[in-house]
Trainee: 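Got a structure for you, written out below as structure tokens; questions coming shortly.
Side chains included, hydrogens not; waters and symmetry mates left out as well; all remaining heavy atoms used.
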Amino acid sequence: MNVLLYSLVPFIISIIFSVLDRKIGYISTAISSIILLIVSIYSFSGVLSFFSIISASVWIIASIFSIEYDNYGKWLSPLYTLTILGMVLILNTNNYLLFLAGWEIMTIPSYVAIGLTAKNHRPPFIFMAFGELSTALILFGFLISNTTNFNYLATPIPLIVATFGFMIKMGIMPFLVSEWLPIAHGTAPSNLSAILSATMTLMGVFGILKMSFLTTTIPTGFSLTIMSIGAFTVFFGALYGYVNENIKGILAFSTIENNGAILVALGLYMISKQLNLSSIEYISTITVVLYSFAHSLAKTGLFLSAGLQEKQSISYAKKIRNIAIGLSLLASSMSGLLPNIGGVASWLLLENLFMFSYVLHNTISILFIGIGASIAMGEGLATALLIRYITYTSLFKNTKQQLSKIMKYPILSSSFIVLILGFTLPYLIYPYRNTTTIYGMLANSVILTQYYSSTFGGISPLYIFLLTLFFSIITYIAFGKPKIRKAEIWNNGVDGQEEYTAFAMANNIRQMLKKILRSEEEKFLPTYGLDVFWEYIYKLANLIRRFGKTFGETFINSSISWYIIYITLALIIMIIVASMG
């Protein structure tokens, strides 16, 4: 209770300051986040404490940036802090009712903030609709648990039901990849988009992990199902992000792609726990933590950089100078490249999948290899996605516009954090290391993946960092500043343009996969998303509507006989549910 008190009170005071003056409010929120960070480190009690540390770090960076960024009137600042307050409650309570209260406090102010700043009602409406669907599923899962506190669960049903609610918040459900998250998060002001994509989706990861820690028996079929959904999401999230034309839409699809990878790691944790593979279980847990650090911090910096743009379309983006190095580091981490922390997380996930396939050595191993291959292809598309983003927002033809330190340093700080964490954090929290010198790599610098007591693979983020630094300096001394070579433009099949636009850069994929990309999007227009799955959502919605109409006219027709049947069926279902609890 004391941790909750110490954490909540400063944010409540910050909300009051925000109403009086938005700049003072953001400064106060940054200070409150620093207090939360210190309390979280001081009272560290296990893996779940990392989520408070990650969230507080994100809120410090985003709040400092917001001091000069927010020109959206007097209400964005208090709504922003109120959203954070809900997440603080989620992270620090062991009571289901308080958790749900935090879930709603997190959701409703975000809905209002998006509604106040959106040009039409669709984005906030979509955000709220999916937010409440998530709440309904989580509430149902909590009700089945038949307790008010997060206690050990004898049945996996609460975890299974609530997981689908948490996955909606992560942007993964329904129908695996959908446009709702890019529409909602992409429409919000950038400081709010940053905390929605970096920490609100993180609350879904936190919820699944917290409930799975408490569940003694998790069905293998459920673990395999969410791993398959995660792998599917990684590939299609990256694909739709790559062909997207909206600056924030690209980043939002990247969030979906990363959350898909985290979901696969969560599934690996569950199945290894069920099969008593303790080393893989532990490595999977660390993978979830490292992925969460990598995604949340990098996505914060990227969404803040999107706030510097005036246009929605990436082809019309300004090339902002002075943050190119920072964006390159953020993009390389999100692409799964070492020595950034995102690279370590991606490597551990793929190692775990292939190691699990090797350990099982049966027909199910094929599924693990397929999931690994899907993630690898998704990571490749994610790299292309982020190269496209930084190319058209920062790298070439930079403007002469200078950024203020208050807006520049938060973005740069997030980028250097993901780099520094890459070659430090694994050594602090990861237990498996090689104690001897290999190929010039120092003792204890190689982190290993292990099953039982056997070694499967190894990597040294520190060694890669030192080598990259050394050869970069040698190359720069030898050849100097890189020269730009101009060549004749080939626009990937786009006619009538003299510039190599972002649309042209992605047009090769658009042409090759036109069967699963909507044909009407083959235009040079800013869009939030390209999602063939919406076609099926519309068809399903129409089918349900027609079914409801037919059902209502046939069976809900004031017939007393039918009402007696309904009451009898409801009684039977209630008895079954009660007996399961």
Trainee: Identify the two heavy atoms, one from S272 and one from F356, that lie closest to each other, and give their separation to 0.1 Å.
Mentor: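 Shortest heavy-atom separation between S272 and F356 comes out as CB-CE1, 3.7 Å.
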Trainee: Report the C-alpha separation of F50 and F44 in whole Å, then their side-chain angles, then the decisive distance to 0.1 Å, and conclude whether the ring pair (Phe, Tyr, Trp, His ring centres under 6.0 Å) test is met.
Mentor: CA-CA 8 Å; F50 283 118; F44 187 86; 5.0 Å; yes
Trainee: Working to the nearest 0.5 Å, report the span between CG of L36 and CD1 of I60.
Mentor: 8.0 Å
Trainee: Take L37 and I53 through the test side chain to side chain contact (heavy atoms under 4.5 Å, CB included) and record every step on the way to the result.
Mentor: CA-CA 5 Å; L37 180 63; I53 295 172; 3.7 Å; yes
Trainee: Side chains of V344 and I459, heavy atoms from C-beta outward: is any pair under 4.5 Å?
Mentor: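 No. Closest side-chain heavy atoms not under 4.5 Å.
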Trainee: Just verifying a value: how many Å separate Q274 CD and S223 OG, rounded to the nearest 0.5 Å?
Mentor: 7.5 Å
Trainee: Do the non-hydrogen side-chain atoms of L266 and T163 ever get within less than 4.5 Å of each other?
Mentor: no
Trainee: If only atom types and distance count, is the side chain of T81 paired as donor or acceptor with the main-chain N or O of P78 below 3.5 Å?
Mentor: no
Trainee: With no hydrogens and no angle check, just 3.5 Å: does a side-chain donor-acceptor pair link S292 and S296?
Mentor: no
Trainee: Verify whether the ring centers belonging to F150 and F142 lie closer than 6.0 Å.
Mentor: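 Yes; F142 has its ring centre under 6.0 Å from that of F150.
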Trainee: Rounded to the nearest 0.5 Å, what separates atom CD1 in I323 from atom OH in Y409?
Mentor: 13.0 Å
Trainee: Checking T199 against W59: is there a side-chain donor and acceptor pair closer than 3.5 Å?
Mentor: yes
Trainee: Y427 side chain to L462 main-chain N or O, any donor-acceptor pair under 3.5 Å?
Mentor: yes
Trainee: Looking only at non-hydrogen atoms, find the nearest pair between A252 and F303 and report the distance.
Mentor: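 Shortest heavy-atom separation between A252 and F303 comes out as N-CZ, 4.0 Å.
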Trainee: Would you say Y291 and V264 make side-chain contact, with heavy atoms under 4.5 Å?
Mentor: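 Counting from C-beta outward, Y291 and V264 never come under 4.5 Å.
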Trainee: Given F65 and L308, is the side chain to side chain contact (heavy atoms under 4.5 Å, CB included) satisfied, shown in steps?
Mentor: CA-CA 11 Å; F65 178 87; L308 306 175; 4.2 Å; yes
Trainee: Do F11 and L89 touch side chain to side chain, with heavy atoms closer than 4.5 Å?
Mentor: no
Trainee: For the atom pair CD (Q309) and CD1 (I247), what is the distance rounded to the nearest 0.5 Å?
Mentor: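 Here the rounded value is 4.5 Å.
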Trainee: For a side-chain contact (heavy atoms from CB on, under 4.5 Å) with F164, tell me which candidate from I138, L137, I172 qualifies.
Mentor: L137
Trainee: If you look at every heavy atom in P339 and P461, which pair is closest and at what distance?
Mentor: CB-O, 3.4 Å
Trainee: Could you go through the side chain to side chain donor-acceptor pair (under 3.5 Å) check for K248 and S190 one step at a time?
Mentor: CA-CA 9 Å; K248 289 185 183 174; S190 282; 3.3 Å; yes
Trainee: In this structure, which one of F354, Y430, Y432 forms a side-chain contact (heavy atoms from CB on, under 4.5 Å) with T449?
Mentor: Y430
Trainee: If you measure only the distance, is there a donor-acceptor pair under 3.5 Å linking the side chains of T287 and Y269?
Mentor: no
Trainee: Over all heavy atoms of both residues, which pair between I375 and L353 is shortest? Give the atoms and the distance, please.
Mentor: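 Taking every non-hydrogen atom into account, CD1-CD1, 3.7 Å.
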Trainee: Using a 3.5 Å distance criterion without hydrogens, assess whether the side chain of N259 forms a donor-acceptor pair with backbone atoms of M170.
Mentor: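 Checking the backbone N and O of M170 against the side chain of N259, a donor-acceptor pair under 3.5 Å is found.
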Trainee: So, Y80 side chain and S63 main chain: donor-acceptor pair closer than 3.5 Å or not?
Mentor: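 Yes: the side chain of Y80 pairs with the backbone of S63.
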Trainee: For residues I208 and M167, determine if any side-chain heavy atom of one lies less than 4.5 Å from a side-chain heavy atom of the other.
Mentor: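 The answer is yes; the side chains approach within 4.5 Å.
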Trainee: Indicate the atoms forming the closest heavy-atom contact of G141 with V161, along with that distance.
Mentor: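 Reported closest heavy-atom pair: N-CG1, 3.8 Å.
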Trainee: Give a yes or no on whether the backbone of E104 and the side-chain of T107 come within a donor-acceptor separation of less than 3.5 Å.
Mentor: no
Trainee: Answer yes if the ring centres of W103 and Y96 are under 6.0 angstrom apart, and no otherwise.
Mentor: no
Trainee: Is F206 close to L91 at the side-chain level, that is, under 4.5 Å between some pair of heavy atoms?
Mentor: yes
Trainee: Going from CD1 on I84 to CE on M106, what distance comes out if it is rounded to the nearest 0.5 angstrom?
Mentor: 12.0 Å
Trainee: Does CG belonging to L214 count more than 12 external heavy atoms closer than 6.0 Å?
Mentor: yes
Trainee: Taking G260's backbone N and O only, do any of them form a donor-acceptor pair with T233's side chain (distance below 3.5 Å, no angle check)?
Mentor: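 Not confirmed, T233 side chain does not pair with G260 backbone.
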Trainee: For the CG atom of L251 and the CD atom of E257, what is their distance to the nearest 0.5 Å?
Mentor: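 If I round to the nearest 0.5 Å, the distance is 12.0 Å.
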Trainee: If we check side-chain contact (heavy atoms from CB on, under 4.5 Å) with T383, which of these qualifies: L386, L381, I387?
Mentor: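 That would be I387; it is the only one of L386, L381, I387 passing the side-chain contact (heavy atoms from CB on, under 4.5 Å) with T383.
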Trainee: Between F17 and Y26, does the ring centroid distance fall short of 6.0 Å?
Mentor: no
Trainee: Counting distance only, does the side-chain N/O of S55 pair as donor-acceptor with the main-chain N or O of S52 below 3.5 Å?
Mentor: no
Trainee: Honestly, is K169 close enough over F127, meaning NZ or CZ under 6.0 Å from the six-membered ring centre and within 45° of the axis?
Mentor: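 Pair K169/F127 counts as cation-pi.
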Trainee: Apply side chain to side chain contact (heavy atoms under 4.5 Å, CB included) to the pair L116 and L76, showing each step before the final yes or no.
Mentor: CA-CA 8 Å; L116 288 175; L76 177 59; over 6 Å; no
Trainee: For T300 and A198, work out which heavy atoms get closest and say how close.
Mentor: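 So the minimum-distance heavy-atom pair works out to OG1-CB, 3.4 Å.
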Trainee: Under the 3.5 angstrom rule, does the side chain of S328 hit a backbone N or O of A324 as a donor-acceptor pair?
Mentor: yes
Trainee: Between S415 (side chain only) and L412 (backbone N and O only), is there a donor and an acceptor less than 3.5 Å apart?
Mentor: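 Here the side-chain-to-backbone pair exists.
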Trainee: Between the main-chain N or O of S212 and the side-chain N or O of K273, is there a donor-acceptor pair closer than 3.5 Å?
Mentor: yes
Trainee: Would you mind reporting whether T255 and L196 have side-chain heavy atoms less than 4.5 Å apart?
Mentor: no
Trainee: Step by step, would you call S305 with Y389 a side chain to side chain donor-acceptor pair (under 3.5 Å)?
Mentor: CA-CA 11 Å; S305 74; Y389 178 81; 2.8 Å; yes
Trainee: Between F423 and F465, how do the two ring planes meet: parallel, tilted or perpendicular, split at 30° and 60°?
Mentor: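 F423 and F465: parallel rings.
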Trainee: Contact between T201 and K299 at the side-chain level, heavy atoms closer than 4.5 Å - yes or no?
Mentor: no
Trainee: Is the number of heavy atoms from other residues, nucleotides or ligands under 6.0 Å of Y111 OH greater than 12?
Mentor: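 Counting neighbours around OH of Y111, 12 or fewer heavy atoms of other residues, nucleotides or ligands fall under 6.0 Å, so no.
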Trainee: Report the C-alpha distance between N434 and T455 in whole Å, list the side-chain angles of each, state the deciding distance to 0.1 Å, and finish with yes or no for side chain to side chain contact (heavy atoms under 4.5 Å, CB included).
Mentor: CA-CA 10 Å; N434 193 316; T455 299; over 6 Å; no
